[in-house]
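Lettering follows sequence order; numbering is per chain, from 1. Computed from a predicted structure; not experimentally measured.
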Amino acid sequence: MSISRISIHLFRSLAKDMVKSLNQIGIEQLTELSGRSPVLQESKGLLALLSGSKGLSDDPSVLITFTIPSEKENDLINYIIEMGQLDLPGRGTVYAEEIDLPMSTDADSVNQPKPLSSKTYPTLKQAIGICCIVQRGEGNKVAQLILESGAAVPNITFGTGLGVRDKMGLLRITIPADKELVWVAVSHFDADILMDAIIDVVKLDQPGKGFIYTFPISQAMLNMQVTRDEGRSAASMEQVVAAIDEIKGDIEWRRRARVIDRQHRHYLKGLIELTLVCDEGGADELIAAAMSAGAPGASISKMKQLSPEAGNSTDSISKSRECCYLIVAKDSLPPILKALSEGDAFQKKHHSVTMSQSTLDAFTYIPKNQ
Amino acid sequence: MADQASGKIRVTPSQALRMILPWIKQRIMDQVKAVWLIVVYLVFFQTIILGMAISDAAMISFGIALVIFGLTFFMEGLMLGLMPLGEIVGVKLPQKSNLVVILLFSIGLGFLATLAEPAIGVLQAAGSSVLPWEAPLLYHLLNKASGVLVNSVGLGVGLAVMFGMLRFIYNWSLKPFIYFMVGGLSIVTFLLCYGSDNFLHLAGLAWDCGAVTTGPVTVPLVLALGIGISRMVGDAEEGAAGFGVVTLASLFPILTVLTLGGLYSSSVPDPVYLKNDKGAFITNQHDQKVADPIAFYKNEKALNLFGNDKRSPKEDLDFYIAKFIHKNPSDRPLFLGIEKQLLAAEKKHAQAFQQQGEQNTDYLKLFKNNMTLGLQAICLLGIPMLLVFWFVLREKLPKTDETFLGLGFAIVGMGIFSMGIELGLTKLGDQIGSKVPAAYKNISLDKNQETKIDPFNPKVVQQSIKANGEIESYFVVHDAGNYKTVPFHEDHLKGSTYSYLPTIGPLFGKEGGLMGIAVILIFAFILGYGATLAEPALNALGSTVEELTVGTFKKSLLMQSVALGVGFGIALGVAKIMFNIPLIWLCGLPYLCLLVITKISTEEFVNIGWDSAGVTTGPITVPLVLAMGLGIGGQVGVVEGFGILSMASVCPILSVLTVGLIVTARRNAAIQTLPVDKPSTPAAN
């Protein structure tokens with residue numbers, strides 16, 4: 001059975017209704033992660049003066065994720081678009097990725113939604129997800145670039161990095177561990193050019209700047225409202241685009257005639273994105289085990305488990321979870337999983353869940369002598 | 001480079017140095033950025049605007065350098081040690097223990113927080129000029145009963161932390177607490193003030209002490225604990241769960257202190273006021289009734305206020321009055337009727353008065369005192385946390401080395417920083433505070449700037465007449481190109497030497513002119529604004545807010561709105577002192593506005609806004625503001641520093657909530673511009 005992971009990036013104030021709608025169709029194993037969703041906006045007045053923000057307005061957003069059997073993916077995406085009115089620009093993004101559950105446990109709990117019959121929306125098939133991990137404070141640079149390219153609205157979450165830093169003893173405190181993770185789903189004809197531009201703008205080819213990778217998305221509905229400046233026309237550009245999408249029934253027409261002239265960079269191919277979700281407090285230990293088995297490092301974010309059985313006793317899944325993203329070589333996946341299970345990752349102590357999927361391209365600074 | 005066997009990376013000393021130096025530089029620059037505004041501003045004001053040199057400049061610069069170094073260590077200590085510790089205890093507590101343990105732990109923590117950061121010193125400073133016959137109850141609580149006062153504030157903070165945690169566990173809104181506590185306590189305070197003159201004076205103390213107790217160690221720790229607990233148990237929808245405890249910690253002590261006042265009110269005398277022949281109250285230049293010290297002296301209950309290990313109550317009372325007259329010789333006529341007792345006391349304690357006034361800065365002692373202060377603050381809070389973590393929760397600390405390094409940093413930082421404040425900022429503040437009124441009125445300078453004319457020729461003395469026919473003598477001095485008139489007093493002439501204190505001001509416009517008053521209000525505003533930006537607790541709160549809201553509520557936005565609010569508040573507070581506006585007007589109106597604006601704000605902003613009020617009154621703001629308040633108060637003859645602090649707490653809430661309303665409105669507009677015709681029923685079912 002193939003499994004799909006659904007990710008919904010939503011305006012925070014819409015999240016409550018969305019979770020309710022999902023619960024109604026039997027999707028109860030959900031996780032929620034706080035984030036922000038920047039859009040282009042000329043700030044004016046008192047607020048701009050006080051915050052000193054430059055051209056971006058940050059709105060609170062939420063990332064809701066859950067897993068379902070892949071055959072339900074299409075219906076479910078349409079249901080989510082309908083419930084959240086995501087076909088209207090500016091409300092949120094939803095996308096689905098096919099993943100593996102390499103260590104099947106009880107905690108995996110793939111949701112089994114009730115059968116659905118709903119409207120069909122024109123969605124983007126075969127999209128590309130980009131995840132860019134940068135130092136805290138650099139996220140908006142990446143966001144601004146993505147927004148100005150008009151590709152889609154990105155979302156940013158916070159995380160802390162574990163890696164080389166933690167092998168240095170107390171000297172580690174001199175290296176900032178706080179990271180920002182910029183997520184965006186784009187059409188495949190935007191992906192390569194955007195990735196290159198991001199690498200340039202945050203100088204990922206220099207040491208210690210961060211990491212970027214792309215992953216395949218099977219289906220997506222993007223939030224295209226990249227700007228909040230008031231339009232002077234009857235319909236905003238985003239509305240026009242959405243209307244043409246609906247007429248064409250597809251968004252392939254948006255393909256731009258860009259000459260893709262990729263720079264000669266050494267992209268890392270065939271890596272695996274391993275997502276490890278465990279109870280809060282366990283990540284340090286588990287990632288240390290994974291690193292001793294060959295993982296280079298991880299980014300950890302705190303998330304909320306919304307499952308009904310989640311509680312705060314020692315036996316149950318904790319309400320407060322940690323989500324670790326590891327990018328590992330294909331060969332080292334089995335030893336890492338072994339190390340994780342030897343570290344009691346999948347026992348009551350941590351209630352871990354792992355998900356893995358192949359990445360397309362990845363890029364970071366690689367020292368010359370290696 | 002990597003040592004695969006041990007999994008550790010070996011770093012050579014030079015590599016280590018290359019990592020540490022930029023890191024230290026960055027941290028120090030962060031604090032320089034926080035502190036520069038207030039320091040540069042104070043120096044600028046004193047030297048350029050008031051045109052006076054800074055005395056002890058070297059010492060003050062050294063003190064300011066210490067403040068910066070201390071803050072660097074302290075903030076790093078907070079981020080590495082105290083806050084992660086608080087958060088992990090908060091996360092584990094609900095998992096490994098039950099509700100009773102959590103609540104007991106919370107009360108204990110709140111209580112210890114009050115002991116760890118003794119705000120009583122600040123309150124005593126604010127009330128240093130309170131006279132026992134004017135406000136017997138207030139005097140009693142600040143002096144002989146100060147231990148009980150601290151304990152009652154501690155109980156209040158303890159209850160606050162407890163209710164704060166209950167709020168997170170049961171997901172209660174903060175708003176009802178605010179309505180009930182602020183509304184209820186205002187009414188109670190008003191009724192008490194109406195009923196008794198004693199409470200009129202106590203009210204200021206009660207409303208100030210909550211805000212003052214929550215210091216730079218307590219706030220981050222309690223915040224972190226709350227964030228941990230609410231993440232584990234809370235179902236809050238809001239992005240910033242974990243706030244609100246600081247607010248409660250500012251409100252509950254009002255309740256406990258007023259209760260304490262009620263308990264003591266029967267054992268202290270009521271203030272009695274002097275009347276003239278016609279039976280009307282005698283008032284001073286600010287229309288305040290003048291208290292009758294003789295009635296106080298003769299009241300048996302007065303003895304309850306005095307007495308210590310060395311002296312019996314009666315002896316101590318005599319000593320106090322003798323000392324008072326020694327300091328204020330012009331008030332001697334007030335004590336007609338008890339001169340005999342007075343003379344005896346003056347004779348007996350003559351030596352004690354002489355010894356005062358000689359103060360030498362003993363650096364070693366200063367260092368020791370402040371380090372003890374730091375040690376006490378961090379250990380009283382840190383050690384119980386560690387003990388609970390190890391022995392009640394039986395957990396292993398995830399990063400033991402980092403936590404202990406952090407705690408060590410915090411202790412060292414706190415010590416250096418409070419020493420720096422004592423040596424640098426407070427001194428600078430005192431110097432300016434006493435001179436600021438020169439902007440709008442004529443004041444005489446310090447004793448050490450006494451000018452001597454030798455030989456003095458009495459021929460230069462001239463006479464002038466006032467509108468009421470009173471004759472006054474004066475002479476004109478030629479000093480550096482300026483001709484200044486100086487009033488002539490015969491007793492200042494000794495032999496051929498005439499000594500006088502040069503006066504200064506009004507520097508702007510006429511005596512009591514609008515221009516000068518405007519300069520003072522602007523000074524107060526910028527002082528509050530700059531000092532707030534340097535407050536460590538607010539910096540910690542700002543970082544936490546930014547972290548929890550994933551950057552949607554920027555630290556800079558919070559700091560700027562709070563600083564603006566504090567600036568306005570302090571300007572209003574100074575206006576209160578200069579024009580002697582009753583506190584009830586200045587506080588009542590903003591609090592009324594606050595209740596309305598709280599009602600229409602989102603829970604997230606209500607929590608953050610009200611909390612930021614509690615953290616504004618910290619170790620940098622308070623000494624500067626008090627120095628200025630007492631300086632201005634001393635020059636115009638009003639004697640309490642209490643009002644300013646409460647104004648500095650109210651106004652930032654207003655400013656943060658207003659900013660919150662704007663932000664929320666914009667966010668809602670972003671969604672509401674879209675046609676919302678949500679399907680009424682979900683497709684399934």
Side-chain angles (χ1 to χ4, degrees), chain A residues 11-16 21 24-25 34-36 39 45-47 49-53 57-60 79 82-83 85 88-91 114-119 139-140 156-158 164 167-175 180 228 280-281 284-285 291-292 302 304 312-314 318-320, chain B residues 2-3 6-9 11 16 19-20 22-24 76 80 88 91-92 94-96 228 231-235 237-239 395 398-399 401-402 405-406 547-554 556-557 560-561 564 604 659 662-663 666-668 670-671 673-679 682-685:
Chain A
F11 226 84
R12 175 175 278 286
S13 50
L14 304 174
K16 204 175 171 182
S21 306
Q24 266 172 344
I25 54 163
S34 291
R36 71 172 194 267
V39 288
L46 176 75
L47 218 56
L49 198 72
L50 290 182
S51 62
S53 70
S57 160
D58 292 311
D59 295 319
Y79 175 76
E82 188 180 359
M83 287 296 118
Q85 293 180 290
L88 297 171
R91 291 171 75 88
K114 293 177 195 159
L116 291 166
S117 62
S118 63
K119 223 170 133 184
N140 271 13
I156 300 177
T157 56
F158 276 180
V164 183
K167 295 180 183 172
M168 296 192 150
L170 267 181
L171 263 184
R172 66 174 176 268
I173 62 168
T174 60
I175 304 172
E180 279 179 315
R228 191 165 298 149
E280 176 168 356
D284 283 352
E285 198 180 311
M291 279 167 67
S292 65
K302 300 233 157 66
K304 222 157 95 181
N312 53 33
S313 73
T314 11
S318 169
K319 272 187 186 174
S320 173
Chain B
D3 186 340
S6 67
K8 289 235 163 162
I9 293 176
V11 182
M19 292 170 73
I20 292 174
W23 174 72
I24 293 178
E76 199 58 25
L80 283 179
I88 189 95
V91 167
K92 294 291 173 192
Q95 282 179 296
K96 292 282 184 80
R231 199 163 61 230
M232 189 44 81
V233 298
D235 292 310
E237 297 295 326
E238 304 295 333
E395 283 275 339
K399 287 171 187 157
D401 51 350
E402 220 172 284
L405 184 74
E547 176 79 30
L548 282 186
T549 59
V550 199
T552 51
F553 197 148
K554 291 247 162 29
S556 56
L557 178 64
Q560 293 294 331
S561 18
L564 280 183
E604 180 180 358
V659 167
I662 300 175
V663 170
R666 285 198 182 183
R667 280 182 193 155
N668 288 343
I671 316 182
T673 49
L674 307 165
V676 182
D677 48 344
K678 201 177 158 82
N685 283 338

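If you run side chain to side chain contact (heavy atoms under 4.5 Å, CB included) between A:Ile173 and each of B:Ile20, B:Leu80, B:Asp401, only B:Leu80 comes through. Looking at B:Gln95, B:Lys92, B:Arg231 one by one, the single match for side chain to side chain donor-acceptor pair (under 3.5 Å) with A:Glu280 turns out to be B:Arg231.
Using a distance-only test at 3.5 Å, with no hydrogens or angles considered, a donor-acceptor pair links the side chain of A:Arg36 to the main chain of B:Val550.
Residue with the most contacts toward chain B among A:Lys302, A:Glu180, A:Met291: A:Lys302 (heavy-atom pairs, distance under 4.5 Å). The candidate with the highest count of non-hydrogen atom pairs below 4.5 Å against chain A, out of B:Ile88, B:Val91, B:Ile24, is B:Val91. Here A:Leu170 is the residue among A:Val39, A:Asn140, A:Leu170 with the most heavy-atom pairs under 4.5 Å with chain B.
Nearest heavy atom pair, residue A:Pro60 against residue B:Arg667, reads CD-NE, 3.1 Å. Minimum interatomic distance between A:Leu171 and B:Ala16 (heavy atoms only, all atoms of both residues): CD1-CB, 3.8 Å. Closest approach of B:Glu402 and A:Arg172 over heavy atoms only: OE1-NE, 2.5 Å.
For chain A, the nearby parts of B:Glu547 are the backbone and the side chain; heavy atoms of each come within less than 4.5 Å. Looking at A:Ile175, only its side chain comes within 4.5 Å of chain B, counting heavy atoms on both sides.
With salt bridges taken as basic N to acidic carboxylate O contacts below 4.0 Å, none links A:Asp59 and B:Arg666.
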B:Lys554 vs A:Asp58, side-chain contact (heavy atoms from CB on, under 4.5 Å): CA-CA, chis, key distance, verdict: CA-CA 9 Å; B:Lys554 291 247 162 29; A:Asp58 292 311; 2.8 Å; yes
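Distance check, rounded to the nearest 0.5 Å: CG of B:Leu548 to OG of A:Ser34 gives 8.5 Å.
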